[in-house]
Amino acid sequence: MNHKQPASANIVIFGGKGDLAWRKLIPAFFNLYTSGFLPKQFSIYGVHYEKMPEKAYEAYILEGVNTFSQYGKATNKEWKKFAAHLFFFEGDFTTEDTYRRLSLLLNQNDKSWGGRAVRLFYYSVAPRFIEPISLQLAQHHLASDVHMDRIVVEKPFGSDLQTAKELNQLLTKQFREKQIYRIDHYLGKETVQNLMAFRFANIVFESIWNNNYIEHVQITVAEHIGVGGRGGYYEQAGALKDMIQNHLLQLLCVVAMEPPVSFEAEDVRNKKVDVLKALRPLTKIDVAKNIVRGQYSEGKLDGKKQAAYRKEKNVNPKSTTETFVALKLFVDNWRWKNVPFYLRTGKAMAKATSLIVIQFKPVPHNLFGEKIVTDTRPNQLIISIQPEMETTLLFHAKEPGVQMKIKPVEMDFTYKESYDTPVPEAYETLLLDVLEGDATLFMRADQVEAAWKVVTPIMEAWKKGTAPRFPNYEPGSWGPKAARELIKEQGCEWTLLPENGVHKIKFKKR
Ligand code: BG6
């Protein structure tokens, strides 16, 4: 975000042939390169334990770029230039020899580039490799420059509070906290960053952003596809650990945080962690009453057969892993006293949509009566994180005509209509931030632990209690019925972006 481009960079991806490197990381580096955001001197090493000819690696990565880059296929010229900086590095993550060779290579680069380069070590690996990689990096002094060397750790960051603490201890023993970039890619999404701009660069919303005017908040992250080939991982995670503990709680933090003192990493992260600390601890009764879990059955998605979760590859046929969670939380502080936050996420849902809905309270006195205001839906601010990427304000207006009739209208800001510039992928933003040493959008140790604390009572109650009757929702639906009931007690429904029937007022392109 700050654009303090380093003069040179050595980028080492452990798991350089893995799915994440292929689909996200290297396409993101490629796009940063073609947009001129990478330093003049840089090398990317994809570390993988099996031998692979350089040319084959290059071709494999090019396929990933061509398939997943939002700008489409790479031109020959651009690719050739980029590929000159990309190297396959055969090496076992656990053996000393790998790090000895790596050290020689990076030092050599520093020499020929005329000074110490920034080093970025990306852990795109299974959790069991985090320890050996960290120990070896430290032992070989590969990441010993506190200001220049950074490590990036992917989720899952631990599997519960205890393991997250152990992981933090392990990492902070080898590196300084400011060198550790715990990634939550939701924080890099353009629309999530815009939420900060929306809240803190405008005066109009702040005065109503509290329990005097807001009745409740909804956060939905619905995915349309099932778990696909990720059954093995997902069985251990489930929707609570895979999505709520990280992405949804982080979205909640951005909605609920107090204005930070500055936009510096520590100030922003302090305010976010305050939100997590203020979340009302869940009692056993809360877990029973306010948390709904679901698992999808066999059914149809877009006319095609969708297997039941229990029939997915590498999934236990009697699995009690949840593929859907809805829950109600409260942030116990002055601003949010008694404002429920409803969160839901699930796989194989009716459509892919991630929304934040701020539902305002009704007017204190209805001046106009039922005949004039026929549609009494409250004011709502609907922020679509993806895929629509729009912000919509629903408010009431007089319909043109000789009679007084009041109906809701919709005021819309969409990225598509407002900007010609493409929206960067979350990984582009985040990787550039790491290179530039800006940790604002990354998770600090205490944030991760505070988030685990929030979900711990749920995990414990689920472990002790009897498993629900799964499956309990059909693919292509909005999850179990109980999720609708959870929000109904508030007299509300889960809200989607209005499609038809509401008159739109659009912001024009400038
Ligand atoms: C990942 C989860 O962190 O986020 C996946 O492990 C999920 O299960 C993904 O599908 C969703 O990310 P996005 O950016 O596609 O909404």
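Model, not experiment: these values are computed from the prediction.
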- Message: Run the salt bridge (Lys or Arg N to Asp or Glu O under 4.0 Å) test on E266 and R269 for me, step by step, so that the C-alpha distance in whole Å, both residues' side-chain angles and the decisive distance to 0.1 Å come before the verdict.
- Response: CA-CA 5 Å; E266 293 322 314; R269 300 194 293 183; 2.9 Å; yes
Close aromatic pair by centroid cut-off 6.0 Å: Y181 and F442 = yes
Interatomic distance, CD1@I133 vs CD1@I151, rounded to 0.5 Å, equals 9.5 Å
*What do you reckon, are the aromatic ring centroids of F341 and H216 less than 6.0 Å apart?*
no
Here the gap from D302 atom CG to Q306 atom CD, rounded to the nearest 0.5 Å, amounts to 10.0 Å
**Prompt:** Do the charged groups of D242 and K155 touch, with an N to O distance under 4.0 Å?
**Reply:** yes
Those residues at least two apart in sequence (or on a different chain) that pass ring pair (Phe, Tyr, Trp, His ring centres under 6.0 Å) with Y473 are F324
Taken to the nearest 0.5 Å, the spacing of I383 CD1 from Q380 CD works out to 11.5 Å
Within 45 degrees of the ring normal and closer than 6.0 Å to the centroid, is that where the cationic atom of R293 sits relative to W462? yes
So CD1 of I180 and CE of M443: to nearest 0.5 Å the spacing works out to 13.5 Å
Tightest non-hydrogen contact, residues Y234 and T323, listed as OH-CA, 3.6 Å
Across all chains, not counting sequence neighbours, the side chain to side chain contact (heavy atoms under 4.5 Å, CB included) partners of D267 are P260, V261, S262, E264, N270
Side chains of Q386 and K189: any donor to acceptor distance under 3.5 Å?
yes
request  = Could you tell me how the ring of H185 sits relative to the ring of Y427: parallel (under 30°), tilted (30 to 60°) or perpendicular (over 60°)?
outcome  = parallel
Tabulate below the donor-acceptor pairs under 3.5 Å that side-chain atoms of residues 449-461 make, not counting sequence neighbours, or state none.
from	atom 1	to	atom 2	distance (Å)
E449	OE2	N168	ND2	2.8
W452	NE1	F157	O	2.9
T456	OG1	W452	O	2.6

Hits for side chain to side chain contact (heavy atoms under 4.5 Å, CB included) against F205, two or more places apart or cross-chain, chain-then-number order -> F198, N202, W209
CZ of F413 to OG of S384, rounded to nearest 0.5 Å, is 11.0 Å
Sorted by chain and residue number, the side-chain hydrogen bond (donor to acceptor under 3.5 Å, both in side chains) partners of T163 (sequence neighbours excluded) come out as S159, D160
Across all chains, not counting sequence neighbours, the ring pair (Phe, Tyr, Trp, His ring centres under 6.0 Å) partners of F470 are none
